[in-house]
Amino acid sequence: MVNRFLSIACFFLLLSCHTNKKVQGGSAVNSGKGLKDYYAAYFPVGVAVSPYALRSADADLIRQQFNSLTPENAMKMGPIHPQEERYFWRDADSIMAWADRNGVRVRGHNLCWHNQVPNWLFTYNGNTVSKEMLLHRLKDHISTVVGRYKGKIYAWDVVNEAISDKPDEYLRPSPWYQICGEEYIEKAFQYAHEADPQALLFYNDYNEISPVKRDKIYRLVKSLKDKGVPIHGVGLQAHWAVNEPSRGQLDSTLRRFADLGLKVQITELDISVYPKEHTARARRAEDADTSFTPQKEEQQLEVYKMAFELFRKYRKTVSGVTFWNISDRSSWLDNFPVRGRKDYPLLFDRNGKPKRAYWEVVKF
Ligand code: GLA
C-alpha cells in the first residue's frame with residue numbers, strides 16, 4: 001500500500017518537474033500568458049487577420065496572445081461590396097464567428113476609403129456619379145455593413161486616410177472629395193451612428209507623428225467634434241520603423257490627441273527594420289541584405305520598448321493597440337515600399353515564437 005502510494009507520488013512529482021521545465025524553457029505560448037494578459041489592466045491588444053489565418057496554425061497563437069481582431073481586408077468596401085446589388089459576406093462572417101466562439105472583440109475596418117474600392121462606386125452609366133448618388137451609395141453601404149454587425153463590432157474605422165500628405169494641402173483630392181467635397185466625412189460618421197448608436201466611431205490615418213500631418217488630423221477631428229458629428233476617437237495607424245518615431249515625437253503626438261478628449265487607438269502597429277520610406281520604389285543594390293541581423297533586432301527592440309512605455313503612460317487615452325499582421329512569416333511590409341524585400345516588423349518570428357522585442361514589451 002505504502003509502496004503504491006510512493007510510486008504514485010513519484011509519478012506526479014516527475015510529471016510536474018517535466019511540465020515546469022517545459023514552461024521555463026519554452027515560449028510565451030507554453031507559459032500560457034499572452035500580450036492581452038500582460039496588458040489586461042491597460043488596453044485590449046489586437047491583431048489584423050484574414051479568415052485563412054484563423055483556420056491555420058496561427059489560430060492558437062492568436063487565441064493565446066490577443067483579445068481583439070481587425071479584419072485585414074474582409075470588410076473593406078471592395079471585398080465586401082463587389083457589385084452595387086451584391087455583398088460578399090463569407091470572409092467577414094467567418095471572422096465574426098471565430099471572434100464570437102473565442103470571446104474576442106472586433107474592430108471594424110473600414111467604411112469609407114479611397115483605396116480598395118469596388119469598380120462601380122464612382123461611376124453611373126459611364127459617367128462620374130453625382131454627389132447625391134454617391135452619398136446615397138455611401139449610406140446604403142454603411143447602413144448595410146454596420147447594421148449586419150450591430151452590437152457585435154464594438155468600434156469602426158469610419159473614414160480612413162482622408163488627409164493629404166502634401167504639406168500645403170488639407171484633404172486628399174480623392175474621388176470622394178472631388179465629388180462630394182468635405183461633407184462626405186461627416187455623412188459617413190452620421191450614417192454609421194444611425195446604423196449602430198452603440199459603436200465607437202474612429203477617424204483613422206497614418207503618418208500621424210509628422211507634426212504637419214498631425215496638425216491636419218487634429219484639425220479635422222476637432223472640427224467634427226465641435227460640429228457635434230458622432231466621432232469618438234482617432235486611430236493612429238502606427239506604421240513605424242527603426243528610425244521613427246522618436247520618444248519626443250510620439251509623446252507629443254499622444255499628448256496632443258489626449259488633450260482633445262477623444263479616445264485614441266493604435267490601429268495598425270508594426271515597426272519595420274528598415275529606415276522609414278513613405279513611397280513605393282524599385283529594389284536597389286543596397287536592399288540585398290534582407291537578413292534579420294542582431295543590429296536590426298536591437299534597433300527595433302528599442303522602438304517597441306519606447307512605444308509601449310508611452311502607451312502605458314497614456315493609458316487613460318489609449319484604449320486599444322492592434323498589430324498589423326501576426327508574425328514575421330508574412331507582413332504587407334514584405335512588399336512595401338520595396339517589393340520582395342523581406343521585413344521583420346512584428347513581435348513574433350517566422351515560427352510564431354516571441355522575439356526579444358516581445359519580452360521588452362511585456363517587461364514592466
Ligand atoms: C493602410 C490601411 C490598411 C492596410 C495598410 C497596408 O494602413 O488602413 O487597411 O491596407 O494600409 O496593408
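Just follow the structure's listing: the first ligand is 1, and inside any ligand the first atom is 1.
Under a 4.0 Å criterion applied to the non-hydrogen atoms of N160, ligand 1 contributes the atoms 2 (C), 8 (O). Taking every non-hydrogen atom of H239 and a distance limit under 4.0 Å, the qualifying atoms of ligand 1 come out as 7 (O). Here is the list of ligand 1 atoms found below 4.0 Å of a heavy atom in E161: 1 (C), 2 (C), 7 (O), 8 (O).
Of all the heavy atoms of F336, none lies under 4.0 Å from any atom of ligand 1, so neither backbone nor side chain is involved. With a 4.0 Å heavy-atom cut-off, ligand 1 is reached by no atom of N73. At a heavy-atom cutoff of 4.0 Å, ligand 1 is contacted by the side chain of W113 but not by its backbone.
In this structure, H81 has its ring center closer than 6.0 angstrom to the ring center of Y87.
Atom NZ of K36 has more than 12 neighbouring heavy atoms from other residues, nucleotides or ligands inside a 6.0 Å radius.
Note on D215 versus R219: no salt bridge recorded, every NZ/NE/NH1/NH2 to OD/OE distance being 4.0 Å or above. Between D334 and R339, no side-chain nitrogen of the basic residue sits less than 4.0 Å from a carboxylate oxygen of the acidic one, so the salt-bridge criterion is not met.
Considering only non-hydrogen protein atoms, atom 9 (O) of ligand 1 sits nearest to H109 NE2, 2.6 Å. Atom 5 (C) of ligand 1 has E268 OE1, 3.7 Å as its closest protein atom, hydrogens excluded (heavy atom only). Of all protein heavy atoms, the one lying nearest to atom 10 (O) of ligand 1 is K76 NZ, 3.0 Å.
With sequence neighbours excluded, no residue forms a ring pair (Phe, Tyr, Trp, His ring centres under 6.0 Å) with F66. With sequence neighbours excluded, no residue satisfies salt bridge (charged side-chain N to carboxylate O under 4.0 Å, His left out) with R101.
Here's the thing with N204: none of its N/O atoms is less than 3.5 angstrom from an N/O atom of ligand 1.
Separating the NZ atom in K166 from the NZ atom in K216 is a distance of 9.5 Å, to the nearest 0.5 Å.
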